[in-house]
J.: 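The structure is given below, and queries will be raised subsequently.
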Amino acid sequence: MGFFNFQKKDELVLLIDIGSSSVGGALVLLSKSGIPKIIFCIREPIKIKFSDFENKLNINHVISPSMKSIKIIIDKICKAGLGVPKRFFCVLSSPWHISEIRSIQFKKSEPFIFTEKLANDLIKKELLVFLKEIQGPSPASSAGKLMPQGIKPIEFKNIQTKLNGYVTAQPINQKAKELEMTIFISFTPEIILKNIEEIISNHFHFESFSGVKPGLNFLSFNTTSFVVIRDLFIEQKDFLLIDIGGEITNITTIKKDIPNDIISFPFGYNFFISGISSSLSCSFDEAKSFLFLYKEGHASIEVVKKLEPIINKLKTEWLKNFQNSLASISNNIFIPETIFLTIDQDLADFFSKIIKTEEFNQYSFTKSKFQVIPMDFNFFNNNVNFQESKTNTLNPVRNFDPNGVNATGYIFMGIEAIYINTFFR
């Protein structure tokens, strides 16, 4: 996974985070000291609903508003005048990519030597098999139905290699009769990659995504969050990653430090806001205010009486989809009870309580109740720097409040900055 091949010096990069309902942008000073510094960070909403995908509307109904948000982000970063980035990273969350964990098995009656060429050939074959599954009548993943024609791989990583049944850290040039590789692969619609390239290239010069790095690198949030959590919580070998976006909830299971399953369902936090809006015949913004007043305990008695049955019904429906997702990945074995949760910071407690208070999991999926760990500002400790820069040519992020309005943007950008800087060192 150390494919970035950075030079050993501090370097300014542009980081774009594309979620299911908003886009974030940050200027990050990657550091040879191992601690990246975020010097500028903003976020812009995407004014669409990803249910449009399921309704089979024109793909531009979804892509165009998202690209507009990216353009707004890039424009603001340019106008900030804080420096010219040398590298560009775009991290995609669901449903902008489809990802899966795949197992490749290879056997021979006589011993063979495991080489890099053999590994690459086997991975290429698996990529083709997965691509056919995605574009066939029965997609390999629930996210497959969201993908238009013309998709391109953005990640394919060998997570674990076993030779003759044993995990081997250095398998190259080793002899074996049996080989098993666990690989992580991600695909994204090519039209999205090209549109993002065009928007960034209108402001900055870089080598094409299809060219030689340095340039624009595409990553999935599945990979970035998994690697950062694995490295920061080294004692935690089995856990769930749950990323709740505006329109999508994404669940990844990790066992023995290896991702096992990835599944998504189309109910994010906007499901609650839209449900309130529909039930009370109010605007989306009004519904959002009602939800926040309710969860903070500041709503009047009359408002609580109206909201409580609506929210309880929405909780039940969200939990039903959550439980069905767990059932589809459990394979009759217990799944990890530790959950690392990524979500807008002001909704972390709301969803943590929903997950922890539901009772069905205690008897069907886990050995004990869920332990939910939201990724808040405390999650980073000393791994990312939001403080004033000592660099004369760059203006620092000032007056950063870890509990403030923009804190959520820093949380997601912090995770991604840590990941990128890991391979910069």
J.: Counting heavy atoms not belonging to Gln105, are there more than 12 under 6.0 Å from its CD?
T.: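 It does: Gln105 CD has more than 12 such atoms within range.
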J.: Would one find more than 12 heavy atoms of other residues, nucleotides or ligands at under 6.0 Å from atom CG of Leu128?
T.: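 Counting neighbours around CG of Leu128, more than 12 heavy atoms of other residues, nucleotides or ligands fall under 6.0 Å, so yes.
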J.: Between Asp349 and Lys353, is a salt bridge (charged side-chain N to carboxylate O under 4.0 Å, His left out) present by the stated rule, with each step listed?
T.: CA-CA 6 Å; Asp349 186 57; Lys353 288 178 179 178; 3.3 Å; yes
J.: Walk me through whether Glu286 and Ser283 qualify under side chain to side chain donor-acceptor pair (under 3.5 Å).
T.: CA-CA 5 Å; Glu286 288 173 327; Ser283 70; 3.3 Å; yes
J.: Does Ser264 form a side chain to side chain donor-acceptor pair (under 3.5 Å) with Asn250? I'd like the steps, not just the answer.
T.: CA-CA 4 Å; Ser264 301; Asn250 199 71; 2.5 Å; yes
J.: Report, as yes or no, whether the 6.0 Å neighbourhood of atom NZ on Lys315 holds more than 12 heavy atoms from other residues, nucleotides or ligands.
T.: yes
J.: Quiz question: by atom type and distance under 3.5 Å, do the side chains of Ser220 and Glu155 form a donor-acceptor pair?
T.: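 Checked: Ser220/Glu155 side chains pair up, N/O donor to acceptor below 3.5 Å.
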J.: Contact between Asn270 and Ser21 at the side-chain level, heavy atoms closer than 4.5 Å - yes or no?
T.: yes
J.: Determine, using ring centers only, whether Phe351 and Tyr269 are less than 6.0 Å apart.
T.: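 Centroid distance Tyr269-Phe351: not below 6.0 Å, so no.
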J.: Do Phe226 and Phe184 have their ring centres less than 6.0 Å from each other?
T.: no
J.: Working to the nearest 0.5 angstrom, can you tell me the gap between Ser186 OG and Ile151 CD1?
T.: 10.5 Å
J.: Could you tell me if Thr161 and Asn158 have a donor-acceptor pair between their side chains, going purely by distance under 3.5 Å?
T.: yes
J.: Within the supplied structure, the quantity of interest is the number of heavy atoms (other residues, nucleotides, ligands) at a distance under 6.0 Å from Tyr166 OH; does it exceed 12?
T.: no
J.: Please examine the side chains of Met181 and Ile159, heavy atoms only from C-beta on, and report whether any two atoms are closer than 4.5 Å.
T.: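 When only atoms from C-beta onward are counted, Met181 and Ile159 do not touch, as no gap falls below 4.5 Å.
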J.: Is it possible for you to check whether Arg43 lies under 6.0 Å from the centre of the six-membered ring of Phe412, through NZ or CZ, and within 45° of that ring's axis?
T.: yes
J.: Could you check whether any side-chain heavy atom of Ile373 comes within less than 4.5 Å of a side-chain heavy atom of Ile339, counting everything from C-beta outward?
T.: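 SC-SC contact between Ile373 and Ile339 ruled out.
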J.: Less than 3.5 Å apart, any donor N or O on the side chain of Asp243 or Thr342 sitting next to an acceptor on the other?
T.: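 Thr342 and Asp243 do have a side-chain donor-acceptor pair below 3.5 Å.
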J.: Can you confirm if the aromatic rings of Phe272 and Phe267 lie within a centre distance of less than 6.0 Å?
T.: no
J.: Check the surroundings of atom NZ in Lys288: do more than 12 heavy atoms from other residues, nucleotides or ligands lie under 6.0 Å from it?
T.: no
J.: Is there a side-chain contact between Ile192 and Trp96 in this structure, where contact means two heavy atoms from C-beta onward sitting under 4.5 Å apart?
T.: yes
J.: Parallel, tilted or perpendicular: which fits the ring planes of Phe239 and Phe340, with parallel below 30° and perpendicular above 60°?
T.: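 Judged by the thresholds at 30° and 60°, the geometry between Phe239 and Phe340 is perpendicular.
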J.: For Ser103 and Glu180, what are the C-alpha separation, side-chain angles and deciding distance, and is it a side chain to side chain donor-acceptor pair (under 3.5 Å)?
T.: CA-CA 7 Å; Ser103 178; Glu180 182 179 352; 3.3 Å; yes
J.: With sequence neighbours left out, what residues match Asp257 under side chain to side chain donor-acceptor pair (under 3.5 Å)?
T.: Lys237
J.: What do you reckon, is CZ of Phe156 surrounded by more than 12 foreign heavy atoms closer than 6.0 Å?
T.: no
J.: Restricting to side chain to side chain contact (heavy atoms under 4.5 Å, CB included), what partner residues turn up for Ile72, sequence neighbours left out?
T.: Glu44, Lys76
